[in-house]
Amino acid sequence: MRRSRSIKLLFMSASVVALTACGEEIQTGVYDTVERCALENPVAECEKSLAAARQVHEETAPRFQAKEDCEQEFGPGRCEPSGVTGGVAGGAAGEQQQASAGSTFIPFMMGYMLANSLRSSSVAAQPVYQRNGASGFFTGTGSKVSDGLGRTMVNSASSVAKAPAMRAPIVARGGFSSYSAAS
Amino acid sequence: MRRVDLPERPDWRARCEQIGFDWHTMYGAAYWTESYAYALSEAEIDRLDDATAELYGLCMRAVDVACDTPGLLDKLQIPAALHDLVRQSWREGDKDLYGRFDLRFEADQIKLYEFNADTPTGLYESSVVQWLWLEEQRQAGLLPAASDQFNSLHERLCDALPVLAGNKTLYMASAHAAREDEGTVDYLIDCAQQAGIRTVKLDAADIGVCAENWLRDARDGQLIQRLFKLIPWETMARSTMAPTLLNSGRFLIEPAWKMILSNKGLLPLLWELFPGHELLLAASWERPAGDAAAYVEKPIFSREGQNIRIYSTDGALIQDTGGEYGAERTIFQEYAPPPKFETGYVVIGSWIVAGQPAGICLREDDGIVTFNLSRFVPHYFVKESDNA
């Protein structure tokens with residue numbers, strides 16, 4: 001197709017109101033293996049959530065330039081160079097790999113939260129992590145998900161339902177604002 | 001391709017402003033120019049279409065090589081901390097939205113000047129304003145009824161945006177102080193909303209960072225999970241907020257691997273990979289030897305024709321456009337000025353959207369280097385069979 005047939009414009013430069021939503025309590029669970037998950041849930045859902053959580057882990061796991069900084073947050077021996085392993089908890093085998101210059105470190109994914117949805121709200125599958133000196137499981141941005149493995153309830157509007165937190169205080173702004181873009 | 005004098009639409013300024021194109025006159029000079037137009041043949045359009053697709057293919061190969069060859073990302077002056085991000089975004093197939101190849105087109109020969117792969121502007125003019133001009137001039141009987149335009153930008157953008165946004169809210173950022181940039185973003189917001197995507201417009205100054213180093217809308221703290229940014233990657237990569245790109249970098253449109261293409265280091269890289277390719281001008285990382293043909297020196301991050309130096313065959317500097325760029329390294333490209341028409345030198349901008357050629361725009365300048373002050377002149381073509 002070479003030419004435009006018709007061009008429709010809605011409203012150039014419209015302002016848009018951000019959506020807000022009220023949450024519902026949704027049952028989910030935190031698991032370290034598909035086997036453990038399958039004791040309480042359909043195995044297909046367990047596998048699907050694990051795959052989705054792994055992807056979220058790869059995309060959004062907190063990244064650190066120094067391994068020590070990562071371990072300080074997530075605990076000794078619980079960090080690895082990014083892009084090395086993709087397992088849950090058992091990823092220890094990959095931890096001895098040397099990081100190349102310019103690579104970053106991420107915490108081990110210690111488990112995953114099962115996706116679930118009600119009619120109008122949902123919780124997303126996501127990786128969970130353990131933190132240095134704390135019990136239980138946490139999202140990548142530090143929100144506590146549960147005290148241990150097994151079933152748990154999560155509010156769909158809470159930061160836990162999605163990773164990372166949907167809303168957080170701003171510590172810096174405007175760093176990208178001095179430039180000329182057009183080219 | 002030929003230049004054709006045409007009457008202006010008597011109310012063209014008002015028509016442009018009605019559709020939000022209020023930057024038709026910039027810096028006190030005409031930007032949009034319709035007292036003439038350029039007419040191309042269908043065969044010429046076909047060649048531009050094919051060349052654009054082929055150039056994009058060459059660029060994809062160049063990205064592949066740059067990601068796999070040790071040292072090349074350093075040579076392109078991409079900060080080491082972002083190399084993993086660049087490679088990951090490429091290997092995992094993060095999709096790009098658009099770009100504009102600037103082409104020399106004369107005597108059936110097409111040559112690439114450069115690729116504006118990250119923050120090209122002129123989009124709305126090319127897509128909507130130019131098309132409206134065609135329709136109205138056709139209706140007025142000033143253009144042949146069968147005249148057409150190489151322009152599928154609107155459809156392709158509207159198709160591509162939902163794929164890129166996924167089910168996420170699409171944040172749309174530019175520096176609002178730059179009206180032309182904001183206009184481009186306004187247009188993309190319109191396309192996105194037609195496709196049913198939730199959008200939030202924000203000024204570059206309102207992009208913020210939380211303690212965990214994620215990009216957020218500084219006005220309400222919301223996490224940004226998709227960000228179209230009319231802000232150059234190289235600027236973001238060197239800003240105080242650059243560390244947040246390690247977390248949020250995969251959420252950006254264009255993807256991080258576009259840093260390889262929006263970099264004039266692409267030109268010598270392409271020439272090394274495809275020496276003598278018919279669509280390329282000779283280019284090198286090192287200054288050509290003394291007896292070489294005339295050449296141009298360009299900073300790898302220059303925009304809008306700034307800091308371009310032209311050297312004659314004996315190596316003497318014959319033009320220096322000056323400007324704010326050039327602190328980074330420079331590259332060298334064979335000197336091949338754009339073809340000159342009655343009113344100026346013309347460079348063709350050829351758009352690519354989601355990997356598909358999507359139309360052209362013509363920029364005309366009094367001098368041989370195209371600046372942001374160059375005139376935007378509409379084009380049309382007439383099908384061969386209707387041309388008799």
Item checked: Check: H57(A) ring centroid to Y112(A) ring centroid under 6.0 Å -> no
Next item on the list: Count the heavy-atom pairs under 4.5 Å between each of L85(B), N247(B), T244(B) and chain A, then report the option with the highest count.
Entry: N247(B)
Notebook entry, point to check: Taking all atoms of both residues into account, what is the closest heavy-atom pair of C191(B) and L157(B), and its distance?
Noted result: SG-CB, 4.3 Å
Margin query: Is L215(B) close to chain A through its backbone or its side chain, or both, or neither, when contacts mean heavy atoms under 4.5 Å?
Written below: side chain
Note to self: Under 4.5 Å from any heavy atom of chain A, what part of A211(B) do you find: side chain, backbone, both or neither?
What the structure shows: both
Check: Below 2.5 Å, is that where the SG pair of C79(A) and C70(A) sits?
Finding: yes
Note to self: A52(A): which residues meet the side-chain contact (heavy atoms from CB on, under 4.5 Å) condition with it, sequence neighbours left out?
What the structure shows: A125(A)
Next item on the list: Select one option (side chain, backbone, both, neither) describing which atoms of D217(B) are under 4.5 Å from chain A's heavy atoms.
Entry: backbone
Next item on the list: Verify whether the ring centers belonging to Y129(A) and F138(A) lie closer than 6.0 Å.
Entry: no
Checklist line | Under 4.5 Å from a heavy atom of chain A, the part of S262(B) involved | finding: neither
